[in-house]
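Order of the sequence lines sets the chain letters (A, B, ...), proteins ahead of strands, with each chain counted from 1. What's counted below: heavy atoms across the whole structure, side chains too, no hydrogens, waters or symmetry copies. All values derive from a computational prediction rather than experimental measurement.
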2 protein chains.
Amino acid sequence: MADIEKTSPSSKQEERLALLLWFRLSRFYNQSLRRSNAHLKEWGLTVTQFDVLVQIGAHEPLTQNELAEKLFVTKGNVTQVLGKMEQLGWIRREQEWRKKVLTLTSSGREIFREVVPHQEQFQASQFQGLCKEEQKQLLELLRKLQHHNEDMEGKR
Amino acid sequence: MADIEKTSPSSKQEERLALLLWFRLSRFYNQSLRRSNAHLKEWGLTVTQFDVLVQIGAHEPLTQNELAEKLFVTKGNVTQVLGKMEQLGWIRREQEWRKKVLTLTSSGREIFREVVPHQEQFQASQFQGLCKEEQKQLLELLRKLQHHNEDMEGKR
DNA sequence: CCTTATCAGTTTATACCTAAACTGATAAAA
DNA sequence: TTTTATCAGTTTAGGTATAAACTGATAAGG
């Protein structure tokens, strides 16, 4: 990983640090994602589907647009994912006003109740390399990054 | 984001913290990814292609398998991505022994030299919400997570 | 009332990524 | 030798994601 330094010997140290941070972050993220998918396979669902179940389960009823915002993905993506999940009988989409209202079916709720605790436990195991204090530190650093970038977004 | 707490009122605090960490991490990661892609569009390439250029540029010659390991993706994925990049004339694949040796073409090298500094600068701007000290902290936390999870991987 | 804007969701084209099965070649063991 | 294992890369099927163009409905202004 440290070989990134070979990339561009002329660049400033801070810039190299940022590139290194990005590589590490994406490595950890992708590793975790892959593992979570493998873990959730036991219940026949994917991380994306899990995320959708969590959001609808915690906030129903909500619209597709709201869901897209919470998941931080495009509405086009939500359309696709929900199509599949509706077909599987986990969620309902009901036209109401100019929006579509999302709710869990009983089968969706059952999966939600069963899987969430397992996934929470699994996710905890992924972060066990850090003690509780460090986990809070990480959370705080991520929060700062978020805020800063949202501000930048606003200024454009 | 704090609404995750509503998900499962019975779960232990540490487990909820882990789920929260995961949501924040994935949010920041995906946001950064999207922005990087938008930024790199100016030069007509994607983050994945940039990563490939960086790795080949810094380590050539290397094989597809080595590239897959460095990028932490599957070899099937590498096959696909390189197919496109070969077609665009940025890289060369030469059969040698039982492996394929990857090198940059002159056009690939040119892009590499031009884009890397810009992307480094851009990436630095993404982490500007943190001071240098905090950036090092974040790097260290990610390193710890990595190590812990690689150990777990080994034990299976 | 009619026109125009806005808004929720869909579609399309394209790229990324995985797991798992497969191909073809080299190497190792019998 | 013949068989078997291993190894690098490819293929396939399926899921995830985007941007951008589109549809159809409601709302707002003239």
(Q) Less than 3.5 Å apart, any donor N or O on the side chain of A:H39 or A:Q119 sitting next to an acceptor on the other? (A)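 Result is yes, a qualifying pair exists.
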Q) Taking atom types as modelled, is there a side-chain donor on B:Q126 or B:R35 under 3.5 Å from an acceptor on the other? A) yes
Look at the side chain of [X] and decide which nucleotide, out of [options], has an atom nearest to it.
X     : options               : value
B:N77 : C:dC17, D:dA8, D:dG15 : C:dC17
A:T63 : C:dG9, C:dC17, D:dA19 : C:dG9
B:V81 : C:dC16, C:dG9, D:dT11 : C:dC16
B:R34 : D:dA8, C:dA19, D:dA19 : D:dA19
A:V73 : D:dG9, C:dA8, D:dA17  : D:dA17

**Q.** Toward the 5' end of DNA chain D, by each residue's nearest nucleotide, B:V101 or A:Q49
**A.** B:V101
Atom [atom1] of [X] to atom [atom2] of [N]: distance rounded to whole Å?
X      : N      : atom1 : atom2 : result
A:L71  : D:dA17 : CG    : P     : 8 Å
B:L88  : C:dA15 : CG    : C1'   : 12 Å
A:E96  : D:dA25 : CD    : P     : 17 Å
B:L82  : D:dG9  : CG    : P     : 10 Å
B:L102 : D:dG9  : CG    : P     : 7 Å
A:N30  : C:dC16 : CG    : P     : 13 Å
B:K41  : D:dA19 : NZ    : C1'   : 6 Å
A:N65  : C:dA8  : CG    : P     : 5 Å

Q. Are B:T105 and B:I91 side-chain neighbours, meaning at least one heavy-atom pair lies under 4.5 Å?
A. no
Q | Contact nearer the 5' end of DNA chain C, comparing A:Q95 with B:Q80 | A |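 It is A:Q95, whose closest nucleotide lies nearer the 5' terminus.
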With a non-hydrogen cut-off below 4.0 angstrom, is [X] in contact with a base, only sugar-phosphate, or nothing?
X     : value
A:K75 : base
A:T46 : sugar-phosphate
B:T48 : sugar-phosphate

Please determine if a side-chain N or O atom of [X] lies less than 4.0 Å away from the OP1 or OP2 oxygen of [N].
X      : N      : value
B:T74  : C:dT18 : yes
A:K84  : D:dT16 : no
B:R93  : D:dT10 : yes
B:K100 : C:dG24 : no
B:Q64  : D:dT10 : yes

**Q.** A:Y29 ring center near B:W22 ring center (under 6.0 Å)
**A.**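 Yes: the rings meet the under 6.0 Å criterion.
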Q: Show the numbers, then the answer: is there a ring-ring contact (aromatic ring centres under 6.0 Å, His included) between B:F72 and A:F28?
A: CA-CA 10 Å; B:F72 219 73; A:F28 176 71; over 10 Å; no
Q: First locate atom NZ of B:K70, then atom CD1 of B:I56, and finally report the distance between them rounded to the nearest 0.5 Å.
A: 11.5 Å
